[in-house]
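Following: one structure in C-alpha cells, then a few remarks.
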Amino acid sequence: MSVSCGVECVFVLGCARWLWKRCTYIGSYDSATWTAATPDEFEPVPRLCRLILAIYEPDLRRPTHYEPAGGYRVDPDCVVKRVGHSETQGRVPPYLIYADHQHRQIVLAVRGLNLAKESDYKLLLDNRLGKQMFDGGYVHHGLLKSAVWLLNQESETLKKLWVDNGCSYDMVFVGHSLGSGVVSLLTILVVNHRERLGGIPKEKIRCYAVAPARCMSLNLAVKYANVIHSVVLQLLLFFFRTISCQEQPLHWKIYSNPYSGLDDLNSLPCLLFLVCLRDTFIPDDRKLRDPRRLYAPGRMYHIVERKFCRCGRFPPEVRTAIPVDGRFEHIVLSCNATSDHGIIWIEREAEKALQQMKEHSTETVIVPPSVQKFERLQTIEKEHRNALERAVSLNVPHAVDAAENEPGEHNEAETGSTSDEKEASSSESRTSGGRPNWDDVVQKLLKKKNEPEDVANLPQ
C-alpha cells in the first residue's frame with residue numbers, strides 16, 4: 001500500500017512540475033543568451049513589413065484596410081507587378097514586386113496564410129516528415145513547389161529589373177507566415193543558381209522571413225543563415241511548429257473531398273494538441289539527430305516585449321543569433337499567440353524597437369558609425385562560422401563546416417564549364433516561351449552532395 005502511495009505521489013509531483021514549466025515558460029526565454037541587434041541590420045524589417053501589408057490594399061493611392069501609423073511609405077508608381085489569388089490559382093499566396101529606388105532594392109513580397117482560402121491550407125499541409133529531400137537536407141514539399149512556380153513566373157521580371165537598374169540593386173525576398181516559407185526556399189534556389197538572374201552576387205541577395213514557417217532541416221537553416229533572416233515577435237505560432245513534423249500528411253481528407261475540406265479541418269486542433277504533447281517528451285538531442293525535422297530558417301531576430309509575471313507590453317528589444325540547439329523548440333502557452341503572429345503587430349513592434357535602438361545608439365555612440373558597421377559585419381560572419389562549427393560538433397546530420405560553405409559553391413556560373421556547355425544547359429532548361437525552367441534547377445539540387453541516410457529507423 002505504501003509503495004503504491006509513493007508511486008502516486010511521485011507521479012503527481014512529476015505532472016505538477018511539467019505543468020508548472022509549461023505554464024511559466026515564456027517566449028523571451030528562447031533568446032535569453034542572445035546578443036542585441038543593431039539599428040543598421042534591423043532597419044529593413046519594419047519597412048518590409050509595411051510592404052507586405054501593402055499587398056492587402058487594392059489601391060495604394062487610397063488605402064482603406066490596414067494602413068500603419070505614418071502610412072505605407074510606398075510609392076505606387078514603383079510597384080512593378082501585383083498578383084492576386086485569381087492569377088496564382090492557389091499555387092502561391094498573393095505577392096507584389098516593388099522597385100525601391102530610395103534604398104536601391106528590388107523586392108519580391110509574399111503575403112501570409114489566408115484563413116478563408118482552402119488552397120492555402122492545401123499548400124501548407126502538402127508535406128510529411130522526410131517527404132522532400134533537397135540540397136543535402138529536407139524541406140517542406142508544398143512550399144518548395146510554390147517557390148518553383150513563383151520563380152518560373154517571375155525570374156525574368158526580376159532579372160530585367162536588376163539589369164535595367166545597372167546591376168547595382170540588392171535583391172530582397174520577404175514573406176510573412178506561409179509566404180515566409182515560400183521566399184526562404186526560393187532564396188536557396190536563387191543563391192545556388194545566381195546566373196539565372198543575371199549573375200547577381202550572393203552578397204546582394206537577402207531574404208526576410210517574418211513569423212517564419214518551419215520549412216527546412218537544421219543543416220540548411222544554419223548553412224543559409226548569412227542570407228536568410230527570420231523575424232519572430234515574442235513567440236513562434238505553435239501551428240507552424242508542429243504542422244511540418246507529421247509522419248503522415250494531414251491533407252488527405254481535403255483532397256478526397258475538395259468541397260468539404262474546411263469542415264474536415266475541424267479535427268486539426270486535436271491533432272496539433274497531440275503532436276505538441278508528443279514533442280514535449282522528446283529529448284532535444286534526439287530531435288537534433290533527426291535530419292527530417294524542419295526548423296525556422298536562417299538567422300533569428302527575436303522581438304521581446306513581454307516578461308514573466310508582468311502585465312502589459314514593455315518597450316520592445318531585439319535579440320539576434322544563429323541558434324543550433326534551442327531554436328524555438330519549446331511549446332509556449334500564451335493568449336497572445338495569434339496577435340504575435342499577425343503582420344500588423346509585428347510591423348508596429350518592429351518600428352518601435354527600431355526607433356528605440358536608434359535613440360539608444362545616439363546616446364551611447366563612442367566610435368564612428370562606419371567603424372561600428374564594419375565591426376558588426378565581421379561579428380556576423382564570425383557568428384555564422386561558429387554556428388556551422390557547432391552544428392558539426394553536435395553531429396547535426398549533413399551539417400557542413402565553414403570551409404565547405406564558401407560563397408559561390410553551387411553556382412553554375414563558377415563551375416568552370418565551357419561556354420558551349422553553359423549555352424546548351426541554358427537552352428535545355430528553358431520553357432517553350434523562352435523563360436527559364438526552374439524545375440530543372442530543383443532536379444539538380446534534389447540529390448546534391450550528401451545523400452540523406454535511410455530514415456526508416458530514425459526517431460519518430
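No hydrogens, no waters, no symmetry mates; every other heavy atom, side chains included, goes into these values. Bear in mind that the values here come from a model prediction, so they are computed numbers and not experimental data.
Within the 3.5 Å criterion, the main-chain N or O of Glu67 finds a donor-acceptor partner in the side chain of Tyr72. A donor-acceptor pair under 3.5 Å links the side-chain atoms of His140 to the main chain of Leu124, judged by distance alone. Formation of a donor-acceptor pair under 3.5 Å by the His384 side chain with backbone atoms of Lys223 is found in this model. Here the side chain of Thr320 pairs a donor or acceptor atom with the backbone of Met300 at under 3.5 angstrom. Tyr208 places no side-chain N or O within donor-acceptor distance of the main-chain N or O of Ser180, the cut-off being under 3.5 Å. Under the 3.5 Å distance criterion, the side-chain polar atoms of Arg82 are matched with a main-chain donor or acceptor of Ile55. A donor-acceptor pair is defined here as one N or O able to donate and one able to accept, closer than 3.5 Å; such a pair exists between the side chain of Asn192 and the backbone of Ile188. Judged purely by atom type and a 3.5 angstrom limit, Ser230 has no side-chain atom pairing as donor or acceptor with the backbone of Ala296. Between the Trp162 side chain and the Tyr169 main chain, a donor and an acceptor come within less than 3.5 Å of each other. Of the possible donor and acceptor atoms, none in the side chain of Arg196 sits under 3.5 Å from a partner among the backbone N and O of His193.
Put simply, the side chain of Leu294 reaches to within 4.5 Å of the side chain of Asn127, judged on heavy atoms. Between Arg111 and His176, every side-chain heavy-atom pair lies at or beyond the 4.5 Å cut-off. With a 4.5 Å cut-off on side-chain heavy atoms, Arg214 and Arg293 count as touching. Considering only heavy atoms from C-beta on, Thr88 comes within 4.5 Å of Trp149 through its side chain. The closest side-chain heavy-atom distance from Leu233 to Tyr301 is not below 4.5 Å. The side-chain heavy atoms of Pro93 and Asn114, taken from C-beta on, include no pair separated by under 4.5 Å. Val304 is listed as a side-chain neighbour of Ser31, based on a closest heavy-atom distance under 4.5 Å. Taking 4.5 Å as the limit, some side-chain heavy atom of Cys207 sits within range of a side-chain heavy atom of Ser184.
Smallest separation of non-hydrogen atoms from Leu60 and Glu57: CD2-CB, 3.9 Å. Of all non-hydrogen atoms in Val83 and Glu87, the two that sit nearest each other are CG1-CB, 3.5 Å. Between Leu185 and Cys215 the shortest heavy-atom distance is CD2-O, 3.9 Å. Nearest heavy-atom pair across Pro316 and Gln356 is O-OE1, 3.5 Å. Taking both residues in full, the closest heavy atoms of Ala387 and Val324 are given as O-CG2, 3.6 Å, listed atom of the first, atom of the second, then distance. Closest non-hydrogen pair, Arg50 versus Gly71, comes out as CD-O, 3.6 Å.
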- Item | Verdict with supporting geometry, Lys145 and Asp126, salt bridge (Lys or Arg N to Asp or Glu O under 4.0 Å) | CA-CA 10 Å; Lys145 289 198 303 184; Asp126 183 13; 3.0 Å; yes
Exercise. Show your working on side-chain contact (heavy atoms from CB on, under 4.5 Å) between Arg194 and Lys202 and close with a plain yes or no.
Key: CA-CA 8 Å; Arg194 303 190 299 274; Lys202 184 177 180 179; 3.9 Å; yes
Mind running side chain to side chain donor-acceptor pair (under 3.5 Å) on Asp135 and Tyr224 for me, showing each step along the way?
-> CA-CA 11 Å; Asp135 194 18; Tyr224 292 99; 2.4 Å; yes
Practice problem: Determine, stepwise, if the pair Val110 / Val174 fulfils side-chain contact (heavy atoms from CB on, under 4.5 Å). | Solution: CA-CA 6 Å; Val110 184; Val174 60; over 6 Å; no
- After noting the C-alpha distance and the side-chain angles of His103 and Val172, does the key distance pass the side-chain contact (heavy atoms from CB on, under 4.5 Å) rule? CA-CA 11 Å; His103 298 93; Val172 180; over 6 Å; no
(Q) Quick one, Asp75 with Arg61, criterion salt bridge (Lys or Arg N to Asp or Glu O under 4.0 Å). Give me CA distance, side-chain angles, the key distance, then yes/no. (A) CA-CA 9 Å; Asp75 184 358; Arg61 300 184 190 277; 5.7 Å; no
Report task. Please report the C-alpha distance between Val107 and Phe173 in whole Å, then the side-chain angles of each, then the deciding distance to 0.1 Å, and finally whether the side-chain contact (heavy atoms from CB on, under 4.5 Å) criterion is met. Result -> CA-CA 6 Å; Val107 185; Phe173 306 109; over 6 Å; no
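Using modelled atom types, one finds a donor on one side chain and an acceptor on the other under 3.5 Å when comparing Gln105 with Arg47. For the residue pair Ser168 and Arg104, a side-chain donor N or O sits within less than 3.5 Å of a side-chain acceptor on the partner. With hydrogens and angles left out, the side-chain atoms of Tyr138 and Asn219 include no donor and acceptor closer than 3.5 Å. Of the N and O atoms on the side chains of Ser177 and His341, at least one donor lies less than 3.5 Å from an acceptor on the other residue. If you check the side chains of Glu359 and Gln355, you find no donor sitting under 3.5 Å from an acceptor. Residues Ser146 and Arg91 have side chains that never bring a donor and an acceptor to within less than 3.5 angstrom of each other.
Put simply, OH on Tyr98 and CG on Leu161 are 12.5 Å apart, with the number rounded to the nearest 0.5 Å. Atoms CG and CG, on Leu48 and Asp100 in that order, are 8.5 Å from each other to the nearest 0.5 Å. Thr379 OG1 to Glu381 CD: the interatomic distance, rounded to the nearest 0.5 Å, is 9.0 Å. Atom CD1 of Ile200 is separated from atom CD1 of Ile106 by 7.0 Å, given to the nearest 0.5 angstrom. Note: His398 NE2 to Ser217 OG = 7.5 Å, rounded to the nearest 0.5 Å. Atom NZ of Lys204 sits about 10.5 Å away from atom CE of Met171, to the nearest 0.5 Å.
Salt bridge annotation for Arg292-Asp290: present, with a cationic side-chain nitrogen under 4.0 angstrom from a carboxylate oxygen. Ionic pairing of Arg385 and Glu383 is not present here: no N-O contact between side-chain nitrogen and carboxylate oxygen is shorter than 4.0 angstrom. Looking at Asp170 and Arg206, no side-chain N of the basic residue comes within less than 4.0 Å of a carboxylate O on the acidic one, giving no salt bridge. The residues Lys358 and Glu43 are annotated as not salt-bridged, no charged nitrogen and carboxylate oxygen being separated by less than 4.0 angstrom.
Summarising the local packing, NZ of Lys382 is surrounded by 12 or fewer heavy atoms from other residues, nucleotides or ligands at distances under 6.0 Å. Residue Gln102 places its CD atom among 12 or fewer non-hydrogen atoms of other residues, nucleotides or ligands, all under 6.0 Å distant.
Looking at residues two or more places apart in sequence or on another chain, you find a side-chain hydrogen bond (donor to acceptor under 3.5 Å, both in side chains) between Thr38 and Glu41.
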